[in-house]
Amino acid sequence: VEAVRPPDGTQDAEASRAAIKDALSELLTLFPLADLLNLSPDERVFAVERFVAIDVYRRVILDIGKTIQEKASTAAAGLSRLKDVKDYVKETTAAAFRRLRLAGRNLTTGTVGEVVRAALAETFHVFEAYLQ
């Protein structure tokens, strides 16, 4: 995590650092023998996909998480809505990565950036009703 995203004290950086940590934890759960300094292509794709999903979710929560909870009728409803957002982001991100693979597109900074931008836009659009 330190090598990929050194701390700089901003909320975005801390959210990204936590997303990297969580993605690598999930990677090691699925691939317990993975060498983090020498990931296989499948491991690398998995790590990037999970990082993107977790990072997008954390960005959304930084922007609208508090409002989602405040607008919910109960605390339980608020937590349920946050889970809905997380599940949605995870599924739409996975679908975007599948489409990239099926199209034969390589993971580049540009393609990952496209996935991030699309996931953020779609998530805000889908869950804007939670802000009313």
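Heavy atoms only: backbone and side chains are in, while hydrogens, waters and symmetry mates are out.
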Next item on the list: Establish whether Phe51 and Leu28 are linked, either directly or via other cluster members, by ILVMFWY side-chain heavy-atom contacts under 4.5 Å.
Entry: yes
Check: Is the shortest distance from a Lys or Arg side-chain nitrogen in Arg58 or Asp12 to a carboxylate oxygen in the other one below 4.0 Å?
Finding: no
Item checked: Partner residues of Asp8 under the side-chain hydrogen bond (donor to acceptor under 3.5 Å, both in side chains) criterion, sequence neighbours left out -> Thr10
Check: Just how far is it from atom CD of Glu128 to atom CG of Leu131, taken to the nearest 0.5 Å?
Finding: 7.5 Å
Next item on the list: Return each pair, listed once, that meets ring-ring contact (aromatic ring centres under 6.0 Å, His included) where at least one residue sits in residues 65-84; pairs must be two or more places apart or across chains.
Entry: none
Check: In this structure, which one of Val60, Ile64, Ile61 forms a side chain to side chain contact (heavy atoms under 4.5 Å, CB included) with Leu82?
Finding: Ile61
Solution key, residues 42-49 side-chain donor-acceptor pairs under 3.5 Å, sequence neighbours excluded:
residue	atom	partner	partner atom	Å
Glu43	OE1	Ser40	N	2.8
Glu43	OE1	Ser40	OG	3.4
Arg44	NH2	Leu39	O	2.9

Notebook entry, point to check: For Thr74, which residues count as a side-chain hydrogen bond (donor to acceptor under 3.5 Å, both in side chains) partner, sequence neighbours excluded?
Noted result: none
Check: Which residue pairs satisfy the side-chain hydrogen bond (donor to acceptor under 3.5 Å, both in side chains) criterion with at least one member in residues 23-37, sequence neighbours excluded?
Finding: Glu26-Arg50
Next item on the list: Return the set of residues passing side-chain hydrogen bond (donor to acceptor under 3.5 Å, both in side chains) with Ser16 (not counting sequence neighbours), or none when no residue passes.
Entry: Asp55
Check: Is there a donor-acceptor pair closer than 3.5 Å between any side-chain N or O of Thr92 and the backbone N or O of Val89?
Finding: yes
Next item on the list: Only pairs at least two apart or in different chains count here, so list each side-chain hydrogen bond (donor to acceptor under 3.5 Å, both in side chains) that has a residue in residues 97-106.
Entry: Arg105-Glu114
Notebook entry, point to check: For Arg81, what residues pass the side-chain hydrogen bond (donor to acceptor under 3.5 Å, both in side chains) criterion, not counting sequence neighbours?
Noted result: none
Next item on the list: If a pair satisfies ring-ring contact (aromatic ring centres under 6.0 Å, His included) and one of its residues is in residues 100-132, list it, with sequence neighbours excluded.
Entry: Tyr88-Phe127, Phe127-Tyr130
Item checked: Single-linkage hydrophobic cluster, 4.5 Å side-chain cutoff, Leu30 and Ile54 together -> no
Note to self: Applying ring-ring contact (aromatic ring centres under 6.0 Å, His included) as the test, list every pair that has at least one member in residues 52-78; sequence neighbours left out.
What the structure shows: none
Item checked: For Asp84, salt bridge (charged side-chain N to carboxylate O under 4.0 Å, His left out) partners two or more places apart -> none
Notebook entry, point to check: Would Val52 end up clustered with Val126 when hydrophobic side chains under 4.5 Å apart are linked, directly or stepwise?
Noted result: yes
Next item on the list: Take Leu27 and Leu36, measure what side chain to side chain contact (heavy atoms under 4.5 Å, CB included) needs, and give me the verdict at the end.
Entry: CA-CA 9 Å; Leu27 172 80; Leu36 295 179; 3.6 Å; yes
Next item on the list: Using the side-chain hydrogen bond (donor to acceptor under 3.5 Å, both in side chains) rule, collect all pairs that involve residues 60-72, keeping only residues at least two apart or in two chains.
Entry: none
